[in-house]
Amino acid sequence: MSQSPSSTVDHSAVLRQLIQKKKRFLIPMCLFFLFFYFSLPVLIIIKPEWMNQAVYGSISLAWIYAAAQCLMTLLLSSIYMLRARHYDQVAAQITSSAEGEEIP
């Protein structure tokens with residue numbers, strides 16, 4: 001009985017390692033993003049006097065935190081794009097090796 005290339009890839013140890021690496025990278029990154037993102041409205045509700053405190057002129061801490069969220073989004077997306085290139089290369093190698101194998 002012959003195996004299709006997709007079933008060969010499904011059972012590949014390299015694919016399982018790739019999925020584990022992606023999980024180890026993406027789960028902490030997503031949790032950090034969600035914590036950082038939702039902490040602004042929570043802090044505004046819980047500590048409005050602290051978030052309205054002027055830091056520079058009439059710029060409050062809330063505005064600085066909001067700007068930091070924009071920068072954080074750019075930074076995390078850049079980091080992900082760099083890592084995704086590596087993941088895509090490994091996935092292409094897995095696919096090409098599965099298609100190149102002779103299946104009995």
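Position 1 is the first residue of the sequence; numbering continues from there.
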Rounded to the nearest 0.5 Å, what separates atom [atom1] in [X] from atom [atom2] in [Y]?
X: Thr95; Y: Leu15; atom1: OG1; atom2: CG; answer: 8.5 Å
X: Phe32; Y: Met72; atom1: CZ; atom2: CE; answer: 6.0 Å
X: Phe33; Y: Gln69; atom1: CZ; atom2: CD; answer: 7.5 Å

* **For Leu18 against Ile94, the heavy-atom pair lying closest together** => CD2-CD1, 4.3 Å
Please set out all donor-acceptor pairs under 3.5 angstrom arising from side-chain atoms of residues 75-88, sequence neighbours excluded.
residue	atom	partner	partner atom	Å
Ser77	OG	Thr73	O	3.0
Ser77	OG	Leu74	O	3.0
Ser78	OG	Leu74	O	2.8
Arg83	NH1	Tyr87	OH	3.4

* To do: Could you identify which residues cluster with Ile27, counting Ile, Leu, Val, Met, Phe, Trp and Tyr as linked when any side-chain heavy atoms lie under 4.5 Å apart, either directly or through a chain of such contacts?
  =>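 Ile27 shares its hydrophobic cluster with Leu31.
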* Tell me whether Leu71 is reachable from Ile59 by hopping between hydrophobic residues (I, L, V, M, F, W, Y) whose side-chain heavy atoms are closer than 4.5 Å. =>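 Hydrophobic grouping puts Ile59 apart from Leu71.
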Run the side-chain donor-acceptor check on residues 39-51: report pairs under 3.5 Å with partners two or more places apart or on a different chain.
residue	atom	partner	partner atom	Å
Ser39	OG	Phe35	O	3.1
Ser39	OG	Phe36	O	2.9
Ser39	OG	Tyr65	OH	2.3

